[in-house]
Amino acid sequence: MAVERLSGAQWERLERELRRGPLAYGWKDDSRDWTLKRIKLLIGRLFHVGYTIQGVWKLMRRHGWTAQVPVRRALERDTGAIAVWKAEVWSLVEPIAPVSSTPCTSATAAGARRRRSPGRTTAT
């Protein structure tokens, strides 16, 4: 197992700083999410400790953090209209035909016997 470069107190501080969000550190692009690269830079700035991107990923996983992708929703989303559509329209959609209970007779199906072709014999 790899030796942890951050002390317990440093890790607690890092978690507090991560909760503040990347905007608190000047990242003002369209994403409000932490990336591994941003976390790597933050660790370097706060503690003068160098990590690779892969090392940051392992560090975060070791402490229970997971990769999460935010759900992107349209600005024009109308949740009321969606609920009505699901209740009224979706219920009218014809269900998919049930799977046939007829057994498969394909030669490639699991459990099918293979026919052995007669081998060539040579006269002696």
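All values below were derived from every heavy atom in this structure, side-chain atoms included, with hydrogens, water molecules and symmetry-related copies excluded. Index from 1, following the sequence.
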Legend entry - Between CG on residue Leu46 and CZ on residue Arg13, distance to nearest 0.5 Å: 4.5 Å

Inset, instruction - Report yes or no: does Trp34 contribute a side-chain atom to a donor-acceptor pair with the main-chain N or O of Leu18 at less than 3.5 Å? - result: yes

Inset, instruction - Evaluate the side-chain proximity of Leu6 to Tyr51: yes if any heavy-atom separation is below 4.5 Å, no if none is. - result: yes

Inset, instruction - Looking only at non-hydrogen atoms, find the nearest pair between Asp33 and Arg38 and report the distance. - result: O-NH1, 2.7 Å

Legend entry - Backbone N/O of Ser7 and side chain of Gln10: donor-acceptor pair under 3.5 Å: yes

Legend entry - Nearest-0.5 Å distance, OG1 of residue Thr52 to CG of residue Leu59: 10.5 Å

Inset, instruction - For the residue pair Glu4 and Trp11, confirm or rule out a side-chain donor-acceptor distance under 3.5 Å. - result: no

Inset, instruction - For side chain to side chain contact (heavy atoms under 4.5 Å, CB included), just list the numbers for Trp27 and Leu41, CA-CA rounded to whole Å, side-chain angles, deciding distance to a tenth of an Å, and then say yes or no. - result: CA-CA 12 Å; Trp27 283 293; Leu41 291 171; 4.1 Å; yes

Inset, instruction - Would you indicate whether the side-chain heavy atoms of His48 and Ile43 approach each other to under 4.5 Å? - result: no

Legend entry - Lys/Arg cation over aromatic Tyr25: Arg20, 6.0 Å, 45° cone: yes

Legend entry - Student check: side-chain heavy atoms of Thr66 and Arg61 closer than 4.5 Å: no

